[in-house]
Amino acid sequence: MRLWLAALAVTVVNWLMKAGGPLSIGERRLPPAAIRVVGLIAPVLLAGLIVTELGGKRLDWTQLAGVGAAGILSVLRVPLLPAVAAGIALAAGLRLLLG
C-alpha cells in the first residue's frame, strides 16, 4: 500500500511541476535566449541517457555505432524519432551480421 501511495505522490508532484511553468509564465513571451535554452533540453537529456547507458561496462562497439549514426542524423536535422530508430536498426543489424 505504501508503494502505491508513494507512486501516486510522485505522480502528483510531477504534474504540479510540469504545470508550474506555463501557469507562472501565463501569456507572456519568453526571451529568445530562454527559447534557445529550452530547445537544448531534449538533446542534453538524451546525451545524459547515452552516457549513463554506455558508461560503467565493457564498451559495445555496435551500440556505439548506433549512437553515432543517430547523432549524425540528428546533426543533419533528421527528426529525433527516425534518427534514433535508424541508430537502433544499425546496431541491431551489425549484431545480427557479426553474431
Side-chain angles (χ1 to χ4, degrees):
M1 183 70 177
R2 284 188 195 171
L3 179 64
W4 287 107
L5 288 175
L8 181 63
V10 168
T11 302
V12 169
V13 169
N14 187 15
W15 286 343
L16 291 174
M17 288 173 57
K18 286 183 179 183
L23 289 175
S24 65
I25 292 174
E27 295 294 320
R28 292 177 281 169
R29 289 255 187 225
L30 287 175
I35 291 173
R36 285 193 302 271
V37 168
V38 169
L40 293 175
I41 289 174
V44 168
L45 288 174
L46 180 61
L49 178 64
I50 290 168
V51 168
T52 304
E53 285 295 314
L54 290 179
K57 58 182 177 183
R58 194 173 144 261
L59 186 61
D60 181 9
W61 70 271
T62 58
Q63 189 178 21
L64 189 60
V67 170
I72 289 170
L73 289 174
S74 181
V75 167
L76 295 174
R77 300 282 185 200
V78 173
L80 187 60
L81 189 59
V84 170
I88 291 169
L90 176 67
L94 286 173
R95 287 179 184 166
L96 232 143
L97 287 173
L98 302 174

How would you list all residue pairs meeting salt bridge (Lys or Arg N to Asp or Glu O under 4.0 Å) that involve residues 79-97, not counting sequence neighbours?
-> Asp60-Arg95
Spatial distance of atom CD (Gln63) from atom CG (Leu90) [nearest 0.5 Å] | 12.0 Å
Heavy atoms only: give me the nearest Gly66-Ala91 pair and the separation to one decimal.
-> CA-CB, 4.3 Å
Hydrophobic cluster mates of Leu73, side-chain heavy atoms under 4.5 angstrom, ILVMFWY only, any path?
-> Val78
Working to the nearest 0.5 Å, report the span between CG of Leu45 and CG of Leu40.
-> 11.0 Å
Apart from Ile72 itself, residues in the same hydrophobic cluster as defined by side-chain heavy atoms under 4.5 Å = Leu76
Quick one: OG1 on Thr11 to CH2 on Trp4, what's the gap to the nearest 0.5 Å?
-> 10.0 Å
By the rule that ILVMFWY residues connect when side-chain heavy atoms come within less than 4.5 angstrom, directly or transitively, which residues belong alongside Leu3?
-> none
Contacts under 3.5 angstrom, residues 15-24 side chains, donor-acceptor by atom type, not counting sequence neighbours:
from: Ser24; atom 1: OG; to: Gly20; atom 2: O; distance (Å): 3.0
from: Ser24; atom 1: OG; to: Gly21; atom 2: O; distance (Å): 3.0

List, by chain and then residue number, the residues other than Ile35 in its hydrophobic cluster (Ile/Leu/Val/Met/Phe/Trp/Tyr, side-chain heavy atoms under 4.5 Å); write none if there are no others.
-> Ile25, Leu30
Here the pair of heavy atoms bringing Ala83 nearest to Ser74 is CB-N, 4.2 Å
